[in-house]
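Have a look at the structure below before the remarks.
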Number of protein chains: 2
Amino acid sequence: MTQPDSLHYLGVRDAIATRIAGGELKPGERLPSERQLQVGGGVARGTIREALFQLEAEGIIYRKDRSGWYVSPPPVVYDPTRWEGFMSYVEAQGRRAETETLSKTEIACTPALAPIFGRPVGAPMYRIRRRRSVDGRAVLVETIVVDAALAPDLLSHPLDGSLTSVLKSAYNIAVARNRVDMQPCALTRGEAEALQVKSGLPGLNVVRTSYDAQGRVVEFDREYWRHDALKISVDIRVR
Amino acid sequence: MTQPDSLHYLGVRDAIATRIAGGELKPGERLPSERQLQVGGGVARGTIREALFQLEAEGIIYRKDRSGWYVSPPPVVYDPTRWEGFMSYVEAQGRRAETETLSKTEIACTPALAPIFGRPVGAPMYRIRRRRSVDGRAVLVETIVVDAALAPDLLSHPLDGSLTSVLKSAYNIAVARNRVDMQPCALTRGEAEALQVKSGLPGLNVVRTSYDAQGRVVEFDREYWRHDALKISVDIRVR
DNA sequence: CTTCAATTTTGGTATAGACCAGATGAAGGG
DNA sequence: CCCTTCATCTGGTCTATACCAAAATTGAAG
């Protein structure tokens with residue numbers, strides 16, 4: 001897998017990357033269309049697309065389906081251990097944060113959830129699906145499950161902000177321990193659609209389980225992030 | 001970006017995924033060649049490749065350049081906060097771990113490293129490049145920088161194991177705090193070649209800065225992981 | 001048996017053309 | 001002004017073909 005430095009698509013990649021780095025194309029701006037990028041100079045559209053895929057994998061550009069290719073804004077720095085503040089985090093970085101609640105339902109505890117919460121199958125749970133955006137671009141979708149016994153009537157509270165704050169102020173539930181699992185993944189059917197990206201694009205799957213001081217699971221959160229939208233930063237004291 | 005369930009390449013993807021899930025193709029086994037997968041049934045090779053790329057992004061298969069496509073083994077679970085034990089971690093999961101030292105050199109502190117270590121530009125540093133493999137497949141390359149003033153003659157110690165153990169036993173340097181930055185990225189020229197993957201494939205960039213009790217940086221480590229080789233798991237107590 | 005050269009197979013790159021569905025924007029109707 | 005309609009533009013998918021370089025295999029020679 002040596003790079004002979006003569007591959008056509010890498011040359012095209014470099015040409016576009018240079019225009020972006022030079023400021024000719026700014027974050028959020030649309031690139032010329034694939035057919036315009038061919039310029040008539042004997043370059044097949046497939047080669048142009050290969051270069052665009054490369055830039056996309058590097059997080060330099062992104063696409064909106066059938067709309068065009070755009071220059072990526074800088075990623076958001078995110079510390080999963082300080083989960084109380086997606087909104088304030090993003091805004092502290094000078095960006096505009098939005099949260100949409102896609103759905104909120106009461107569900108019966110599934111066999112998959114039962115061992116996590118230590119509750120019987122069928123026990124009432126709340127499930128909340130939210131989409132969060134930065135500067136108008138959807139960057140993550142998440143599904144949160146909360147034990148209804150711990151937070152009765154949770155769904156009547158405002159859910160477009162910090163859920164942890166709601167749990168603390170309305171139910172006096174404080175999170176004492178946090179388990180975070182992260183794995184690079186491909187965004188498939190459901191998540192890809194919610195994030196308006198093509199199925200199969202790389203993403204990051206973050207699963208967060210929050211416990212209170214008694215060791216009860218108070219929040220189970222599965223997040224799917226666009227791969228180019230975030231930078232994870234964790235600061236840890238050694239045990 | 002809806003999925004009409006009638007896309008040809010997704011059908012091919014599902015067919016191959018089924019054969020893998022059904023156990024017909026086992027982890028580590030080679031898939032039939034792209035031309036064999038066409039079976040003569042009016043499917044262009046480009047469509048077959050599109051399906052293979054999809055499976056690759058999902059971490060189900062991987063490729064070796066011009067050798068073929070292979071079924072991915074399960075990922076390694078890795079806790080970056082317990083960095084002392086890559087080898088023991090991997091072996092505790094029943095896998096075979098290897099570490100190769102690609103290079104070890106004494107360098108002069110660069111302008112980029114100076115503020116990290118709080119040392120003047122030109123101060124002596126050690127730089128170690130290693131490649132680590134699981135079951136014979138390279139999964140990460142890392143570049144470690146250590147202040148030579150803290151660990152004189154470090155390079156004469158064995159470096160194919162745990163560096164943190166060496167620092168502790170030979171120099172009595174204990175790590176007290178750890179900062180971990182992670183960002184999905186594309187594996188480009190250098191790292192891609194070391195990992196024997198195609199440039200542009202998604203990966204995970206992990207930057208780890210280790211401090212001792214006095215706040216001095218004792219280790220600065222930049223790791224590039226194959227995206228499908230690991231699952232990150234962090235357990236955190238709330239501050 | 002091992003060693004080395006030649007052959008075959010494989011994925012990687014590239015071109016050219018075609019059609020489709022969703023996004024976009026302009027034109028027209030209310 | 002807003003809303004709808006429609007033509008156009010855009011990326012998404014697909015076929016067919018060609019050549020290349022590296023890997024894997026074969027086969028001959030030692």
Side-chain angles (χ1 to χ4, degrees), chain A residues 1-16 29-57 61-71 136-138 187-189 192-193 195-201, chain B residues 1-16 29-57 61-71 136-137 187-189 192-193 196-201:
Chain A
M1 235 148 280
T2 52
Q3 310 300 329
D5 273 4
S6 64
L7 295 178
H8 204 161
Y9 80 90
L10 286 179
V12 174
R13 186 221 87 102
D14 291 344
I16 299 172
E29 270 188 20
R30 195 164 104 188
L31 271 64
S33 77
E34 296 174 0
R35 288 168 176 88
Q36 283 170 14
L37 287 169
Q38 295 184 248
V39 298
V43 182
R45 185 153 76 104
T47 304
I48 299 286
R49 282 171 70 78
E50 197 65 33
L52 293 170
F53 294 157
Q54 174 89 19
L55 289 163
E56 180 189 41
I61 63 174
Y62 68 99
R63 48 180 153 174
K64 287 203 293 193
D65 190 37
R66 270 165 261 260
S67 163
W69 295 87
Y70 297 81
V71 179
R137 182 170 68 133
L187 301 170
T188 50
R189 275 79 163 175
E193 200 162 342
L195 288 176
Q196 294 169 291
V197 301
K198 183 177 168 300
S199 173
L201 267 189
Chain B
M1 240 159 271
T2 52
Q3 310 299 329
D5 273 3
S6 64
L7 295 177
H8 204 160
Y9 79 90
L10 286 180
V12 175
R13 187 222 86 101
D14 291 344
I16 298 172
E29 269 188 21
R30 194 163 105 189
L31 270 65
S33 76
E34 296 175 1
R35 287 168 177 91
Q36 281 171 18
L37 287 168
Q38 294 184 249
V39 298
V43 182
R45 186 154 76 105
T47 304
I48 298 287
R49 282 172 69 79
E50 196 65 33
L52 293 170
F53 294 156
Q54 175 89 18
L55 289 163
E56 181 188 41
I61 63 175
Y62 69 100
R63 49 179 152 174
K64 287 203 291 194
D65 189 39
R66 268 163 263 261
S67 161
W69 295 87
Y70 297 81
V71 179
R137 183 170 66 131
L187 299 170
T188 50
R189 276 78 164 173
E193 200 162 342
Q196 295 169 291
V197 301
K198 182 176 169 300
S199 173
L201 268 189

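So you know, we letter chains A, B, ... as the sequences are listed, proteins then strands, and number each from 1.
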When only distance counts, do a donor and an acceptor, one from the side chain of Arg35(A) and one from the base of dG11(D), lie under 3.5 Å apart? yes
Nearest-Å distance for atom pair CD/C1', residues Glu56(A) and dG12(D): 13 Å
When rounded to whole Å, the CZ to P distance for the pair Phe53(A) and dT13(C) reads 13 Å
Options dA24(D), dA22(D), dT15(C), nucleotide nearest the side-chain atoms of Thr47(A): dT15(C)
Starting at the 5' end of DNA chain D, which residue's closest nucleotide do you reach first, Glu34(A) or Tyr70(B)? Glu34(A)
Any Val12(B) side-chain heavy atom under 4.5 Å of Leu37(B) side chain: no
dT15(D) OP1/OP2 closer than 4.0 Å to side-chain N/O of His8(B): yes
With the side chain of Ala44(B) defined as its heavy atoms from C-beta on, choose the nearest nucleotide among dT15(D), dT13(D), dA22(D). dT15(D)
Is there a donor and acceptor pair, one atom on the side chain of Arg45(B) and one on the base of dG12(C), closer than 3.5 Å? yes
Just how far, in rounded Å, is P of dC9(D) from CG of Asp65(A)? 19 Å
Atom pair distance, as rounded to whole Å: CD1 in Ile48(A) and P in dT13(C): 15 Å
When the distance from CG of Leu31(B) to P of dT10(C) is rounded to whole Å, what number comes out? 12 Å
Only residue of Glu56(B), Gln54(B), Glu34(B) satisfying side-chain hydrogen bond (donor to acceptor under 3.5 Å, both in side chains) with Arg49(B) is Glu34(B)
Phosphate OP1/OP2 of dC14(D) contacted by Arg49(B) side-chain N/O (<4.0 Å): no
In a check of side-chain contact (heavy atoms from CB on, under 4.5 Å) between Tyr9(A) and each of Leu52(A), Asp14(A), Thr47(A), Val43(A), which one passes? Thr47(A)
Does a side-chain heavy-atom distance below 4.5 Å link Tyr70(A) with Arg137(A)? no
Taking atom C1' of dG11(D) as reference, at what distance in whole Å does atom CG of Leu7(B) sit? 13 Å
For Gly68(A) against Arg30(A), the heavy-atom pair lying closest together: CA-CD, 4.2 Å
It should be established whether Ser33(B) places a side-chain nitrogen or oxygen under 4.0 Å from OP1 or OP2 of nucleotide dT10(C). yes
Considering just the side-chain nitrogens and oxygens of Ser67(A), establish if one lies under 4.0 Å of OP1 or OP2 belonging to dT24(C). yes
In whole angstrom, give the distance that lies between atom CZ of Arg66(A) and atom C1' of dG12(D). 5 Å
Using OP1 and OP2 only, check whether a side-chain N or O of Gln36(A) sits under 4.0 Å from dT10(D). yes
To the nearest Å, give me how far apart CD (Glu50(A)) and P (dG12(C)) are. 10 Å
